[in-house]
Chemist: 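One structure is given below, represented as structure tokens, and several questions about it will come after.
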Amino acid sequence: MSDVLVLGKEIRRALAAGRPVVALESTVIAHGLPHPHNVDTALAMEAAVRDGGAVPATIGLIDGKAVIGLSEDEIRRMASDDDVIKVSRRDLAAVLATRATGATTVAATIFLAARAGIPMMATGGLGGVHRGGETSLDVSADLYELARVPVGVVCAGAKAILDLPRTLEVLETLGVPVVGFQTSEFPAFYSRESGLETSHTVANTEEAARLIEAQTALGLGGVLIVQPPPAQQAIAKPDVETWIASALEEAAAAGVTGGAVTPFLLERVSALSEGRALSANVALLVENARLAAAIAGALVPVA
Ligand code: PSU
Ligand code: MN
């Protein structure tokens, strides 16, 4: 594994010195946001991590290597190449073996982050149980991976296109704490409100760090830290639900299944919202990167 995992120099040094590092995913760049917003957002997230006093490590698969800390050129490649493969846990080995370019989902990103010794990650929305998942069994590998690896993931809840109550049920079953950052309500990605409760609440970054440390000390796996999208860009839930209903109908009509479902729905919601969903998505990604950096800075280094 050691020669498959390639760490950027700055990241290697930071980890060795016990300085904070935050992992970032690349699926959101390759498949979650339209060009050129994807490049701008990826770079803005890295800048927000630096602002927060940590070193960013955007993760992806390039030429048979799992790169922990993509260069700006590599991020641009992820953002504009058409043949970038969406890589979740089950795809890691195959994409590495064929030396294809792969963008990692939350699941694959936290798996690799944990291998590299990075304890924090930031993203927009976690994958979860898809609507109708009780029959299709389409449940994101993100949930299972989070239960396995000692990584704290900051997000704005799970994507609104999902079945949020069932997503929380599965997280509870898997033993993943869902921790509201200064809130007790589980956010609904584009919307601040969902009507659903988090399992715990923390008041500040210190409390978040203590909870992650306790979880890690017990070998319990990961922690989900949620914060609502910024008020200025957040969208009221009824508006979002209208767009999602249309997007779901279109997906069913087009026969979209498997890993293609998430990118398809996100693209349709973005179009139907006339850009509002995109600005909310970008704003929350940057704020989550900032919070992850602050929490990473409050963690006591392990060794
Ligand atoms: N949330 C977004 N945009 C995205 C994703 C989540 O706002 O692109 C991606 C993440 O990489 C997440 C993945 O891990 O979708 C989940 O996909 P699936 O449901 O196929 O596991
Ligand atoms: Mn799926």
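Indexing begins at 1, ligand by ligand and atom by atom, following the structure's order. Basis for what follows: all heavy atoms, side chains included, without hydrogens, waters or symmetry-related copies.
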Chemist: For ligand 1, which atoms have a heavy atom of Val28 less than 4.0 angstrom away?
Modeler: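 Ligand 1 atoms under the 4.0 Å threshold to Val28: 3 (N), 8 (O).
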Chemist: Check for a donor-acceptor pair, side chain of Glu213 on one end and backbone N or O of Val300 on the other, with a separation under 3.5 Å.
Modeler: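 Side chain of Glu213 to backbone of Val300: a pair is present.
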Chemist: Pull out every atom of ligand 1 sitting under 4.0 Å from any heavy atom of Glu25, numbered as shown with elements.
Modeler: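 Near Glu25, meaning under 4.0 Å from one of its heavy atoms, ligand 1 has 10 (C), 11 (O).
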Chemist: Between Arg276 and Asp239, does any NZ, NE, NH1 or NH2 come within less than 4.0 Å of an OD or OE carboxylate oxygen?
Modeler: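 Answer for the salt bridge query: yes.
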Chemist: Just wondering, are more than 12 heavy atoms of other shown residues or ligands nearer than 6.0 Å to CZ in Arg210?
Modeler: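 Counting neighbours around CZ of Arg210, more than 12 heavy atoms of other residues, nucleotides or ligands fall under 6.0 Å, so yes.
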Chemist: Please answer whether the main-chain N or O of Val28 pairs with a side-chain N or O of Glu25 as donor and acceptor at a distance below 3.5 Å.
Modeler: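 Yes.
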Chemist: Sub-3.5 Å donor-acceptor pair from the side chain of Thr201 to the main-chain atoms of Thr183, do we have one?
Modeler: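 Side chain of Thr201 to backbone of Thr183, a donor-acceptor pair under 3.5 Å: yes, one is there.
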Chemist: Which residue supplies the protein heavy atom nearest to atom 2 (C) of ligand 1, what is that atom called, and how far is it?
Modeler: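 It is Lys159 CD, 3.6 Å.
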Chemist: Starting from atom 8 (O) of ligand 1, which protein heavy atom do you reach first, and at what distance in Å?
Modeler: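 Protein heavy atom at minimum distance: Gly32 CA, 3.3 Å.
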Chemist: Which atoms of ligand 1 have any heavy atom of Thr262 under 4.0 Å away?
Modeler: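 Going through ligand 1 atom by atom, the ones under 4.0 Å from Thr262 are 15 (O), 17 (O), 18 (P), 19 (O), 20 (O).
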Chemist: Using modelled atom types only, decide if a donor and an acceptor are shared between the side chain of Thr167 and the backbone of Val129 within a distance under 3.5 Å.
Modeler: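 Confirmed, Thr167 side chain pairs with Val129 backbone.
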Chemist: By number and element, which atoms of ligand 1 are closer than 4.0 Å to a non-hydrogen atom of Asp142?
Modeler: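 Numbered from 1, ligand 1 contributes 12 (C), 14 (O), 16 (C).
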Chemist: With a cut-off of 4.0 Å, which atoms of ligand 1 are near a heavy atom of Asn281?
Modeler: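 It comes down to these atoms of ligand 1: 7 (O).
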Chemist: Could you tell me the residue and atom name of the protein heavy atom closest to atom 7 (O) of ligand 1, and the distance to it rounded to 0.1 Å?
Modeler: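 The answer is Phe189 CZ, 3.0 Å.
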Chemist: If I consider every N, O or S atom in Asp138, which one ends up closest to the Mn ion (ligand 2)? I only need its name.
Modeler: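 Of the nitrogen, oxygen and sulfur atoms in Asp138, the Mn ion (ligand 2) lies nearest to OD1.
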Chemist: Indicate, as side chain, backbone, both or neither, the part of Leu266 found under 4.0 angstrom from ligand 1 when only non-hydrogen atoms are considered.
Modeler: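 For Leu266, only side-chain atoms sit under 4.0 Å from ligand 1.
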Chemist: For Glu250, is the CD atom crowded, meaning more than 12 foreign heavy atoms sit under 6.0 Å from it?
Modeler: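 Check passes, neighbour count above 12.
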Chemist: Could you tell me whether some N/O pair between Gly125 and ligand 1 is separated by less than 3.5 angstrom?
Modeler: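 It does: an N or O of Gly125 is found under 3.5 Å from an N or O of ligand 1.
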Chemist: Taking only heavy atoms of Lys86, which atoms of ligand 1 are found under 4.0 Å from at least one of them?
Modeler: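 In order of number, 17 (O), 18 (P), 20 (O).
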Chemist: Please work out, at 4.0 Å between heavy atoms, whether the side chain, the backbone, both, or neither of Leu126 comes within that distance of ligand 1.
Modeler: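 It is neither part, as no heavy atom is under 4.0 Å.
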Chemist: Side chains of Glu46 and Thr58 only: does a donor on one sit below 3.5 Å from an acceptor on the other?
Modeler: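 Yes - a donor-acceptor pair under 3.5 Å links their side chains.
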Chemist: For Gln233 and Ser279, which I'm curious about, is there any donor-acceptor pair between the side chains at under 3.5 Å?
Modeler: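 Distance-only check fails for Gln233 and Ser279.
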Chemist: Please determine if Val106 has a nitrogen or oxygen closer than 3.5 Å to a nitrogen or oxygen of ligand 1.
Modeler: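 N/O-N/O distance below 3.5 Å exists for this pair.
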Chemist: For ligand 1, which atoms sit closer than 4.0 Å to a heavy atom of Thr105?
Modeler: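 Near Thr105, meaning under 4.0 Å from one of its heavy atoms, ligand 1 has 11 (O), 14 (O).
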Chemist: Starting from atom 9 (C) of ligand 1, find the nearest protein heavy-atom neighbour and note its residue, name and distance.
Modeler: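 Checking every protein heavy atom, the shortest distance to atom 9 (C) of ligand 1 gives Thr27 CG2, 3.9 Å.
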Chemist: Find all atoms of ligand 1 within a distance of less than 4.0 Å from any non-hydrogen atom belonging to His130, and give their numbers and elements.
Modeler: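 What qualifies from ligand 1 is 19 (O).
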Chemist: With no hydrogens and no angle check, do the side chains of Ser184 and Thr198 hold a donor and an acceptor under 3.5 Å apart?
Modeler: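 Per modelled atom types, Ser184 and Thr198 side chains form no pair under 3.5 Å.
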Chemist: Using a 3.5 Å distance criterion without hydrogens, assess whether the side chain of Lys86 forms a donor-acceptor pair with backbone atoms of Gly259.
Modeler: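 Yes, the answer is positive, given that a donor and an acceptor are paired below the 3.5 Å cut-off.
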Chemist: Does ligand 1 have any atom that is closer than 4.0 Å to a heavy atom of Ser140?
Modeler: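 Heavy atoms of Ser140 do come under 4.0 Å of ligand 1.
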